[in-house]
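Structure, as C-alpha cells:
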Amino acid sequence: MPSLVETRLSSLDFWATPQAERDEVFAGLRSAKDPVFCPLQDEPGFYALTRYEQVAEASRRPEVFSSEPTAVSLVDPPEAIAEYSGSMISMDDPRHARLRRIVSRSFTPRMVERFAGDVTVLARRIVDELAERGPCDFVEHVAMPMPLRIICSMMGIPDSEYDGVIDATNMILAIGDPDYVGPSGEDRITTLRDRFAHLHELMGDLGRLRREEPADDLVTALMHANVDGESLTTVELARFFTLLVVAGNETTRNALSHALALLTANPDQHALLVADVEGRLPGAVEEVVRYATPVTWMRRTLSQDYDLQGHVYRTGERVVLYYNSANRDDTVFKDPHTFDIRRSPNPHIGFGAPGPHFCLGAHLARREVTVLLRELYTRLPDLHATAAPVRQRTSFINGIKSLPCAF
C-alpha cells in the first residue's frame with residue numbers, strides 16, 4: 001500500500017482511483033496507531049478522523065470541534081466566497097441554533113408530507129418518460145430531475161430557472177473537475193463567486209416578493225416564520241436556499257445514481273429487491289446511503305485542546321470527518337465492504353453523525369429516493385446500468401456525472 005501521507009487525501013488524483021484502492025487506504029488509516037496528518041501546500045494541514053467512534057464523538061461535541069470558519073472546504077474560503085457560502089452548516093451556536101430553530105419550524109417532516117403527492121407524481125412522470133425514451137443517461141434523465149424539481153417546487157422556483165440552478169450546483173460542488181469550468185475559462189474563485197451570486201440573487205428576489213405576496217411555498221413560510229421574535233433575513237434565506245439546493249439536490253441525485261450502479265453490480269441484491277420491492281426497499285435505501293456515502297467528509301476546527309481516543313488535538317488544529325471511512329468501520333458493520341440490502345442494524349452516518357449538524361433534509365432525501373426507486377423497480381424491474389459510472393473529480397461529494405442505463 002502506498003504511504004498514507006503520500007496519498008494526500010487532499011489530492012483529487014487520489015479520489016479518482018478505484019473504490020477498492022481508496023477503501024484499502026482508509027482501512028490502513030483506521031488501523032493506524034497514531035492519527036494521520038495530511039499536509040496542504042499553502043495552508044495548515046489536517047488530521048484525518050476515519051473511525052466510526054472518532055467521527056461520532058467529534059460530531060457530538062460541536063463546542064470543541066467547530067464548524068467555523070467552514071465545514072465544507074479544506075482551506076479557509078476567500079472573502080469573495082465567504083459572504084455567499086456562510087450557511088448554517090458552517091456555523092456554531094448560538095448563530096447555528098438560531099437559524100436551525102427558525103428553519104426547522106417550517107422545514108419539517110409535516111411540510112415534506114405536504115409535497116409527498118408531488119414526489120409521487122414526479123416519479124411517475126420520470127419513469128413514464130424513461131419507458132418511452134429507452135436507453136439513456138440515468139443521471140441526466142432520472143436522478144437529476146427528481147431532487148431538483150422537488151426542491152424548486154417547494155421553494156416556488158419557476159421552471160425557467162432550472163438550468164441555471166443545475167449549472168450552479170454542478171460548478172460549486174465539483175469545481176476541481178475539468179468538465180465543470182466557466183464558459184470563458186474563468187478561474188476557480190470567479191466561477192464559484194458567480195454561481196453563488198446567481199443563487200443568492202434568485203432567492204433574494206423571490207424572498208422580497210413573498211414578503212409582499214405570500215404563496216403556498218416554503219419561501220413564504222420561511223420569510224414569515226417568527227420564532228421568539230426572530231425571522232430570517234433575505235441574506236439568510238439565500239444562504240439556506242443555496243445549502244438546500246446544492247446539498248439536497250446533489251446528494252439525493254447521487255444516492256439514486258449509486259443505487260442503480262450498485263444494484264447492477266450486485267445482481268443477487270437486485271433479485272432480492274425486485275422479489276419484494278415494498279418489503280426490502282427501506283433497507284435498500286439505507287444500505288445505498290451507507291455504502292455510497294454521497295457526502296464524503298466535513299471539516300472541523302478545534303476551539304480548545306481535546307483528547308480524542310488517546311490523542312490530544314490542539315486549539316486551532318483542523319480535522320476532517322470522513323463519513324465514507326466510518327461507514328466501512330468493521331468494528332461497527334459486519335462485512336462492511338459488502339453491499340447488503342438486508343443489513344440490520346445499519347447505524348450508518350451517511351446523513352452525518354448524531355449532533356446539531358445532522359442533515360436537516362434527511363427525511364426529504366429518504367422520501368425522494370424511496371418513491372423513485374419504488375416506481376423504477378416496480379415498473380422496470382430489469383433496469384440496469386450498461387457501463388461503469390463516470391465519477392465527478394471531487395473529494396467532497398461521491399458524485400456520478402453519467403451512468404448509461406437500459407431495460
Side-chain angles (χ1 to χ4, degrees), residues 84-89 99-123 125-126 143-173 194-227 230-256 294 351 359-369 371-372:
Y84 293 115
S85 61
S87 69
M88 63 183 179
I89 202 172
L99 285 176
R100 185 154 183 136
R101 191 164 56 243
I102 296 171
V103 169
S104 296
R105 191 67 62 91
S106 301
F107 192 67
T108 61
R110 181 176 295 180
M111 163 64 83
V112 173
E113 289 302 317
R114 284 182 52 201
F115 288 88
D118 291 350
V119 175
T120 302
V121 170
L122 177 58
R125 185 189 314 156
I126 289 171
M144 187 184 297
M146 167 59 85
L148 180 64
R149 289 187 178 276
I150 291 300
I151 290 171
C152 287
S153 175
M154 293 179 71
M155 300 294 281
I157 304 296
D159 290 0
S160 59
E161 298 292 344
Y162 284 178
D163 289 346
V165 172
I166 289 174
D167 172 73
T169 59
N170 282 337
M171 292 288 194
I172 289 169
L173 280 175
D194 290 350
R195 296 320 186 272
F196 274 123
H198 174 76
L199 295 176
H200 274 240
E201 182 179 353
L202 176 63
M203 189 47 52
D205 291 343
L206 186 57
R208 285 185 287 271
L209 176 63
R210 290 294 179 254
R211 280 195 189 278
E212 304 299 325
E213 300 177 17
D216 186 23
D217 57 33
L218 183 56
V219 171
T220 298
L222 289 169
M223 291 306 292
H224 292 270
N226 190 303
V227 179
E230 292 187 298
S231 57
L232 292 183
T233 66
T234 302
V235 171
E236 288 170 340
L237 174 68
R239 286 176 173 173
F240 174 69
F241 169 66
T242 301
L243 172 62
L244 182 62
V245 78
V246 171
N249 173 39
E250 292 287 325
T251 55
T252 304
R253 145 190 167 180
N254 286 312
L256 286 164
F351 292 115
C359 178
L360 191 63
H363 183 77
L364 176 59
R366 284 187 170 105
R367 161 74 71 171
E368 292 173 344
V369 175
V371 170
L372 187 50

Would you sort out whether Met223 and Thr234 count as a side chain to side chain contact (heavy atoms under 4.5 Å, CB included), showing the intermediate values? CA-CA 8 Å; Met223 291 306 292; Thr234 302; 4.2 Å; yes

Walk me through whether Phe196 and Thr242 qualify under side chain to side chain contact (heavy atoms under 4.5 Å, CB included). CA-CA 8 Å; Phe196 274 123; Thr242 301; 3.5 Å; yes

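Distance check: Leu237 CG to Ile102 CD1 gives 11.0 Å after rounding to the nearest 0.5 Å. For the atom pair Leu256 CG and Thr251 OG1, the distance stands at 10.0 Å (nearest 0.5 Å). In this structure, CG in Leu202 is found 8.0 Å from SG in Cys152, a value given to the nearest 0.5 Å. Distance check: Arg366 CZ to Leu364 CG gives 11.5 Å after rounding to the nearest 0.5 Å. Here the straight-line distance linking atom CG of Asp159 with atom CZ of Arg149 works out to 5.5 Å at 0.5 Å rounding. Put simply, CE on Met155 and CD on Glu161 are 13.0 Å apart, with the number rounded to the nearest 0.5 Å.
For the residue pair Ile151 and Leu244, the shortest heavy atom distance occurs at CD1-O, 3.5 Å. Here the closest non-hydrogen pair linking Leu360 and Ser104 is CD1-OG, 3.6 Å. Scanning all heavy atoms of the two residues, the minimum distance from Pro147 to Thr252 falls at CB-CB, 3.7 Å. Residues Met146 and Leu122 approach most closely at O-CD2, 3.6 Å, considering heavy atoms. Taking all atoms of both residues into account, the shortest heavy-atom contact from Gly207 to Val219 is CA-CG1, 4.0 Å.
At a threshold of 4.5 Å between non-hydrogen side-chain atoms, the residues Ile157 and Met203 count as touching. Contact of the Asp194 side chain with the His198 side chain is not registered, since no non-hydrogen atoms from C-beta on lie closer than 4.5 Å. Between Phe241 and Leu199, the closest side-chain pair of non-hydrogen atoms falls below 4.5 Å. The shortest distance between side-chain heavy atoms of Val103 and Leu232 falls below 4.5 Å. Looking at Arg239 and His200, their side chains come closer than 4.5 Å, going by heavy atoms from C-beta outward.
One N or O on the side chain of His224 and one on the backbone of Arg210 form a donor-acceptor pair closer than 3.5 Å. Although no hydrogens or angles enter the test, the distance criterion places no donor-acceptor pair under 3.5 Å between the side chain of Thr220 and the main chain of Asp216.
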